[in-house]
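Each chain gets a letter, A, B and so on, in the order its sequence line appears, and its residues count up from 1.
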Protein chains: 2
Amino acid sequence: MGNPRSRPSIGDVAALAGVSLGTVSNVLNHPDRVSAATAEKVARAMAMLEYLPDGNARTLAAGSSRTVGIILPDLANSLFVDVARGAEAAAEEADHTLMIANSDTRLERESRYLRTFTQARVAGILLTLNDEEHYAAIAGGTPRSAPTVMLNLAVPVARSCSVSVDNALGGRLATQHLVDTGRRRLVFVGGPTTLDPIRHRERGFTDVVSASGATHVRTITPDGVNRSDGWAVGTGLVEDVRAGRVDGVVAATDLLAAGIVHALTAADVEVPGQVSVVGYDNNQAAWDSPIPISTVAQPGEAMGRAGAELVLAEARAGADHVHRAVVLEPTLVVRASTAGPTALMR
Amino acid sequence: MGNPRSRPSIGDVAALAGVSLGTVSNVLNHPDRVSAATAEKVARAMAMLEYLPDGNARTLAAGSSRTVGIILPDLANSLFVDVARGAEAAAEEADHTLMIANSDTRLERESRYLRTFTQARVAGILLTLNDEEHYAAIAGGTPRSAPTVMLNLAVPVARSCSVSVDNALGGRLATQHLVDTGRRRLVFVGGPTTLDPIRHRERGFTDVVSASGATHVRTITPDGVNRSDGWAVGTGLVEDVRAGRVDGVVAATDLLAAGIVHALTAADVEVPGQVSVVGYDNNQAAWDSPIPISTVAQPGEAMGRAGAELVLAEARAGADHVHRAVVLEPTLVVRASTAGPTALMR
DNA sequence: TTGTACGCGTTATCAA
DNA sequence: TTGATAACGCGTACAA
């Protein structure tokens with residue numbers, strides 16, 4: 001069994017320890033069924049040979065592996081790094097391993113990694129999407145696979161578990177904060193409307209605006225949600241702010257907000273003196289901005305953790321599992337970009 | 001073969017297509033050995049059953065998988081995200097899949113994921129370390145495994161391939177730039193001395209200092225390399241700068257540099273008017289700082305790409321592979337924190 | 001408590 | 001070109 005070039009197999013261990021093959025397997029998977037003495041012998045043999053069980057053979061025989069796969073849309077976004085952290089912690093506690101794949105928000109890659117994880121027979125898959133269309137495309141075209149929970153996107157609970165953040169609440173939080181600090185002429189800066197979370201944030205915005213009697217001056221929809229897009233938006237807002245037509249901005253992402261603030265201050269508009277700006281995500285971009293930006297923090301780690309726990313629970317439950325939709329709550333983080341006019345940055 | 005609950009196997013496809021099992025395998029792995037007509041039949045059967053080959057059985061039989069594993073120390077550092085990107089691109093071109101694991105710089109996790117990848121029989125492993133001690137610990141205690149290439153740390157070429165960046169050159173680049181712009185009283189801000197790359201950066205620093213006749217005022221060694229550490233360092237430098245004892249700072253990371261600049265400007269010290277500051281890594285922190293920070297950019301994507309190519313080459317070559325050590329060159333990125341005194345931020 | 005034999009889904013070899 | 005069959009390394013009933 002096993003020529004010297006290949007890695008030692010369970011048979012080599014058995015031979016060296018002078019026990020049967022099944023016994024070695026037992027010390028690995030059912031230590032209780034084996035006497036302390038033999039367990040010891042076997043352990044020594046394994047150490048001598050530097051034996052490492054073959055995961056593929058194991059998974060093949062057992063039916064599923066002790067790995068959880070997570071598909072992330074953007075590793076450059078610290079939110080998703082937090083998600084990975086949380087998922088990993090939960091997986092680790094359940095004695096599982098987390099494997100991360102980066103989809104770059106591209107549908108083709110999302111489904112490719114989904115396929116890869118499925119073929120690997122992972123115990124569960126965490127799929128992080130922020131685009132409704134991608135979900136629709138994926139929900140249709142994928143063969144039955146491991147338990148999958150959707151992260152960051154609320155989906156019909158009939159189809160799968162999901163963990164999402166209440167984006168409408170986040171929008172309300174940001175907007176209410178502006179209203180509470182005396183702002184009345186508000187602008188919402190969004191992004192591509194296919195991005196589900198952003199649509200919900202805008203809904204929260206409009207809810208508060210109408211309830212509070214503030215004015216929804218307008219919604220601006222840049223092509224993207226990055227700093228450069230924000231810069232363009234901010235430049236376009238300069239005149240409105242100077243004329244007193246706008247005194248508050250809710251941006252759908254921190255990068256957007258950072259760009260807006262940058263453009264505004266570059267034009268000598270005072271933030272928050274003349275206009276307050278709130279971002280979203282609590283990215284590094286928010287606290288790292290010349291004027292630290294107030295923002296809505298998403299519970300990334302909690303999301304990852306909840307996802308991993310759900311998917312593992314589903315893996316255990318099997319057929320009689322019922323899907324659950326967990327909705328987490330974002331929180332407001334107040335910084336200089338919305339403080340009172342006196343709290344200018346020094 | 002296969003009760004209705006489990007996924008269809010290659011046997012089910014064979015039965016439905018009316019061919020033998022081996023033939024189905026051939027259309028999958030050796031399409032040339034099969035007639036167009038049967039290939040067509042089989043393809044149709046696979047589609048009907050939504051057949052997906054089992055990766056574990058595949059690698060078990062074939063000996064190794066078409067997956068490359070990468071162990072990253074810190075997903076929050078954009079450098080490593082770039083590395084992952086490059087590795088993924090190269091893997092994809094070779095028709096392989098990249099799996100990412102996050103070690104958080106913890107030795108225990110580094111070796112755990114190494115074990116996981118080894119058990120999974122991945123085609124190759126990319127191990128990103130920045131601590132010499134961890135390398136020593138790992139080089140000793142790991143059973144023979146898949147081809148492994150070290151990223152970010154130059155190791156004896158006798159032991160494995162590696163892709164690293166010339167940190168001494170980076171240190172020279174940063175320091176020479178300071179000297180070229182008229183700075184003479186220089187401080188190096190490092191970090192834990194077990195961090196190999198940082199030691200090399202400091203060596204580059206001292207090389208240029210002595211060659212140029214500038215003064216090495218001192219080296220400061222904070223506990224960590226983050227923004228808060230930088231803030232503390234910057235605060236401590238205020239008096240030295242005011243007194244003209246220090247006019248240039250080379251920091252080992254951008255976060256450090258950002259903290260230093262932040263502390264300095266908060267104390268009304270002009271950057272770069274009174275003191276220039278250079279960072280390292282070209283992180284988001286560098287261009288996102290109130291005063292954008294000059295820095296040394298690491299070729300992260302190139303590093304990942306080279307690593308993946310090396311590891312795949314080694315996997316193909318087998319026994320007669322000879323290790324190679326690739327050393328990449330960093331580049332200087334000049335921004336406001338070192339521009340002439342007139343180029344103050346507005 | 002320990003050993004035997006079979007099955008997991010695939011690849012690869014060899015005949016036909 | 002196609003079909004039968006022996007590995008691949010391990011988990012697990014079942015028998016001893």
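- For L60(A) and dC6(C), the CG to P distance is 18 Å, given to the nearest whole Å.
- Whole-Å rounding puts the D54(A) CG to dT10(C) P distance at 16 Å.
- Residues from residues 28-41 of chain B with heavy atoms under 4.0 angstrom of DNA chain D, sorted by number: R33(B), V34(B), S35(B), T38(B).
- Distance from the side chain of A57(B) is smallest to dG9(C) among dG9(C), dG11(D), dG9(D).
- Between dG9(D) and R121(B), a contact under 4.0 Å exists linking OP1 or OP2 to a side-chain N or O.
- Using a cut-off of 4.0 Å between Lys/Arg side-chain N and Asp/Glu carboxylate O, R305(B) and E88(B) are scored as not salt-bridged.
- A close approach under 4.0 Å does not occur between any side-chain nitrogen or oxygen of S9(B) and OP1 or OP2 of dG9(C).
- Comparing dT12(D), dG9(D), dA4(D) by their nearest atom to the side chain of S20(B) picks out dA4(D).
- No more than 12 heavy atoms of other residues, nucleotides or ligands shown are found within 6.0 angstrom of CZ on R324(B).
- Within the structure, every side-chain polar atom (N or O) of T23(A) is placed at least 4.0 Å from both OP1 and OP2 of dT2(C).
- The side chain of R58(A) places an N or O atom within less than 4.0 Å of a non-bridging phosphate oxygen (OP1 or OP2) of dG11(D).
- Straight-line distance from the CD1 atom of I10(B) to the P atom of dC8(C): 14 Å, rounded to whole Å.
- At least one side-chain heavy atom of N152(B) sits under 4.5 Å from a side-chain heavy atom of F80(B).
- Atom CZ of R7(A) and atom C1' of dC8(D) are 12 Å apart (whole Å).
- Side chains of L75(B) and I100(A) form a contact here, defined as non-hydrogen atoms less than 4.5 Å apart.
- The pair R7(B)-E50(B) fails the salt-bridge criterion, with no side-chain N (NZ, NE, NH1 or NH2) lying under 4.0 Å from an Asp/Glu carboxylate O.
- Taking the charged nitrogens against the carboxylate oxygens, E110(B) and R106(B) have no contact shorter than 4.0 Å, which rules out a salt bridge.
- Taking the side chain of Y51(A) as heavy atoms from C-beta on, and the options dG9(C), dT2(C), dC10(D), the nearest nucleotide is dC10(D).
- Proximity of S25(A) to the phosphate of dC10(D): no side-chain N or O atom is located under 4.0 Å from OP1 or OP2.
- Distance, M46(A) CE to dC10(D) C1': 14 Å, rounded to whole Å.
- Distance from the side chain of V19(B) is smallest for dG3(D) among the nucleotides dG3(D), dT5(D), dC10(D).
- In terms of modelled atom types and a separation under 3.5 Å, the side chain of S164(B) and the main chain of V327(B) share no donor-acceptor contact.
- Whole-Å rounding puts the L21(A) CG to dT4(C) P distance at 9 Å.
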